[in-house]
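The structure appears right after this line, and notes come after that.
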Amino acid sequence: MNRPYRRLVLAAVSAVAVLGAGALTAPAAQAAGPDAPILTKWANPGVAKLPSGGYVMTHTTSWNKPGAFATAPQPNGPWKRTSTTLLTGTPAWAKSAKQKRTVWAPSIIRGTNGRWVVFYSALVPGRGSQRCIGTGTSTRPTGPFVPDARPLSCFKGSGTKAKDFIANEGTTSLIDATPAVVNGQTVLTYKTSHGYTKKGKKYWHTTIRMVALNPARPNQVIANPVNRNGRSVQLTSKRHRYIEENPSLIHRGGKYVLFTSWGWYGTHDRYWTQSRTNRSLWSGWPTTARRVTFPAGTNTWGQGNGQAIATSPGTWALFWNGQEPGFKRGQGPKHLYVGKLGWKNGHPVVSKVLKRR
């Protein structure tokens, strides 16, 4: 997701594709820019609305590095970075070496008990680059969060005592955990990835999975309509040279909308946000997705890492990342943008890119 960001492995081996399994195309010419971001050095935004008004946001970082959070009165700012760290210490189940303290794509949610829960992806001891999803709790949305001793979701054979286990294809890794409350249900979506070789080329099996969470204590998994034991449910599955990731869910007009990112994280024009719409939350998701469109002239050097959030009843915003000037191919995008999310023929579109306050 070369950098402490969440796709150290993916960037080195991924390439780019058009939506779904489409054919490769020549790179677009680099336009002038990019557009001015609302925040810099902020990859993989995890945004939540505060009950008292305003917003809080976290990002990919090291769990012990100050500045893990930022707050703002409006989606486009002004964003103020905090001095707090993400966690109070090393998760008991994760690697503790100094160079392994990075956590990928953290996100937060407030339980109905008033406490906040953070979700993040950390390395598993003895398993190379494989990651699992952990949780932590805090009375404050800006932390620091006390890590739970057990991961929430992990692969079988990890040696952890995860609450949700999935099959390990050999190199399976879990990242991009994003909580949401949709139509009264508290859920967590996340991505799994497994790399393999086919005819001498690198391919990926990526899935989007979901678990039901206890609304009062979102660090607890509960039964869902498919699995009474609470195990996660697969919503999508892709086998391709390119990657689907960054799930984000909303509910609108009696339908659920699942946003994901597609392409290659380390480019300025081959990584974007797409969506699927479905009447059922737990089954029947379409195998193909539709690219989210942006206003003409938008030049943010990438439109991936999208997270949709409700700003008020019936209105939404989309946060996303774009590349910064001078970026090197394979480097993850760190410029942050936000826009108003609208709808055209039932499909989400960014109707306006908001300027920084």
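Position 1 is the first residue of the sequence, and the numbers go up from there.
Within the 3.5 Å criterion, the main-chain N or O of I38 finds no donor-acceptor partner in the side chain of W42. Counting only distance, with no hydrogens or angles, the side chain of N44 and the backbone of T60 share no donor-acceptor pair below 3.5 Å. Within the 3.5 Å criterion, the main-chain N or O of T260 finds no donor-acceptor partner in the side chain of N246. The closest donor-acceptor contact from the side chain of N168 to the backbone of T172 lies under 3.5 Å. Counting only distance, with no hydrogens or angles, the side chain of S62 and the backbone of N64 share no donor-acceptor pair below 3.5 Å. The main-chain N or O of T277 is never found under 3.5 Å from a side-chain atom of H347 such that the two would form a donor-acceptor pair. Q323 contributes no side-chain N or O that, together with a main-chain N or O of T300, makes up a donor-acceptor pair within less than 3.5 Å. A distance-only check finds no donor-acceptor pair linking the side chain of S121 to the backbone of I133 [under 3.5 Å]. A donor-acceptor pair is defined here as one N or O able to donate and one able to accept, closer than 3.5 Å; no such pair exists between the side chain of N227 and the backbone of G230. Not one N or O on the side chain of D269 forms a donor-acceptor pair closer than 3.5 Å with the backbone of W301.
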Q: Please test W264 against R329 for side chain to side chain contact (heavy atoms under 4.5 Å, CB included), starting from the C-alpha separation and ending with a verdict.
A: CA-CA 10 Å; W264 183 22; R329 189 173 180 84; 3.1 Å; yes
Q: Tell me, with the steps shown, if N278 and K255 meet side chain to side chain contact (heavy atoms under 4.5 Å, CB included).
A: CA-CA 6 Å; N278 198 31; K255 296 181 180 180; over 6 Å; no
Q: Evaluate side chain to side chain donor-acceptor pair (under 3.5 Å) for R357 paired with N76, printing each intermediate quantity in order.
A: CA-CA 6 Å; R357 282 179 174 266; N76 55 335; 3.1 Å; yes
Q: Please step through side chain to side chain donor-acceptor pair (under 3.5 Å) for the pair Y120 and S107, ending with a clear verdict.
A: CA-CA 7 Å; Y120 56 88; S107 292; over 6 Å; no
Q.
Under the criterion ring pair (Phe, Tyr, Trp, His ring centres under 6.0 Å), I'd like the reasoning laid out for F294 against W320: C-alpha separation, chi angles, the key distance, then a yes or no.
A. CA-CA 12 Å; F294 288 71; W320 73 92; 4.8 Å; yes
Q. Going through the distances and angles, do I108 and F119 end up as a side chain to side chain contact (heavy atoms under 4.5 Å, CB included)?
A. CA-CA 6 Å; I108 62 174; F119 301 86; over 6 Å; no
Q.
With side chain to side chain contact (heavy atoms under 4.5 Å, CB included) as the criterion, how do I175 and Y190 come out once you've worked through the C-alpha distance, each side chain's angles and the decisive distance to 0.1 Å?
A. CA-CA 6 Å; I175 62 172; Y190 63 87; over 6 Å; no
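For the pair T58 and A68, the tightest heavy-atom approach, listed with the atom from each and the gap, is OG1-O, 2.9 Å. Between V257 and S275, the closest heavy-atom pair is CG1-CB, 4.1 Å. Minimum interatomic distance between A162 and C154 (heavy atoms only, all atoms of both residues): CB-CB, 3.6 Å. L235 approaches L281 most closely through the heavy-atom pair CD2-O, 3.9 Å. Nearest approach of G128 to L123, heavy atoms of both residues: O-CD2, 3.5 Å. What you find for C132 and S153 is that their closest heavy atoms are CB-O, 3.4 Å.
For K49, the NZ atom is densely surrounded, since the number of other residues' heavy atoms within 6.0 Å is greater than 12.
You'll find the side chain of L188 reaches within 4.5 Å of the side chain of L152, heavy atoms only. In this structure, the side chains of L258 and P247 come closer than 4.5 Å at one or more pairs of heavy atoms. D176 places none of its side-chain heavy atoms less than 4.5 Å from the side chain of W104. Side-chain contact check for V118 versus L86: some heavy-atom pair is nearer than 4.5 Å. A 4.5 Å side-chain heavy-atom check between I243 and Y265 finds every atom pair outside the cut-off. Within the 4.5 Å cutoff, the side chain of W343 has heavy atoms near those of the W316 side chain. By the 4.5 Å heavy-atom criterion applied to side chains, P151 and S158 are not counted as neighbours. Using a 4.5 Å heavy-atom cutoff, the side chains of P218 and P179 are not in contact.
Here R239 does not pair with E244 in a salt bridge; the nearest charged N to carboxylate O distance is not below 4.0 Å.
Tracing side-chain contacts under 4.5 Å through hydrophobic residues (I, L, V, M, F, W, Y), one reaches W63 starting from F145; they form part of the same cluster. In the hydrophobic clustering of ILVMFWY residues, with side-chain heavy atoms under 4.5 Å counting as a link, I166 and M210 come out apart. Clustering ILVMFWY residues whenever any of their side-chain heavy atoms sit less than 4.5 angstrom apart, transitively, puts L341 in the very cluster that holds V353. Side-chain heavy atoms closer than 4.5 Å link hydrophobic residues (I, L, V, M, F, W, Y) into clusters, and following such links, even through other members, never connects L213 to V182. Under the 4.5 Å side-chain heavy-atom criterion for grouping Ile, Leu, Val, Met, Phe, Trp and Tyr, V56 is connected to V103 within one hydrophobic cluster.
Side-chain polar atoms of Y256 and N183 form a donor-acceptor pair below 3.5 angstrom. In the model, N305 has no side-chain atom that pairs as donor or acceptor with a side-chain atom of Y337 under 3.5 Å. Using modelled atom types and a 3.5 Å distance limit, the side chains of T192 and T207 yield a donor-acceptor pair. When only modelled atom types and interatomic distance are considered, H335 and T40 share no side-chain donor-acceptor pair under 3.5 Å. Using modelled atom types and a 3.5 Å distance limit, the side chains of E245 and Y271 yield a donor-acceptor pair. S237 and H205 form a side-chain donor-acceptor contact under 3.5 Å, judged by distance and modelled atom types alone. Defined by atom type and a distance below 3.5 Å, a donor-acceptor pair is missing between the side-chain atoms of R101 and T61.
For the pair K156 and F165, the NZ or CZ position fails the cation-pi test of under 6.0 Å to the six-membered ring centre and within 45 degrees of the ring normal. W204 carries K202 over the face of its six-membered ring, with the cationic atom under 6.0 Å from the centre and within 45° of the normal. Taking the centre and axis of the six-membered ring of W93, the NZ or CZ atom of R150 falls outside the cone set by 45° and 6.0 Å. In this structure, R291 forms no cation-pi arrangement with W262, as its terminal cationic atom is not both closer than 6.0 Å to the ring centre and no more than 45° off the ring axis.
Atom-to-atom distance recorded for K198:NZ and H240:NE2 is 10.5 Å, nearest 0.5 angstrom. Here CD of Q274 is found 9.0 Å from OG1 of T288. Values are rounded to the nearest 0.5 Å. With values rounded to the nearest 0.5 angstrom, Q234 atom CD is found 13.0 Å from S283 atom OG. Atom CZ of R127 sits about 10.5 Å away from atom NZ of K95, to the nearest 0.5 Å. Residue K238 holds its NZ atom at 15.5 Å from CZ of R241, rounded to the nearest 0.5 Å. Going from atom CG of L39 over to atom CH2 of W79 covers 8.0 Å, rounded to the nearest 0.5 Å.
Listed by first and then second residue, the side chain to side chain donor-acceptor pair (under 3.5 Å) pairs involving residues 132-148 are T135-D148, D148-N219 (not counting sequence neighbours).
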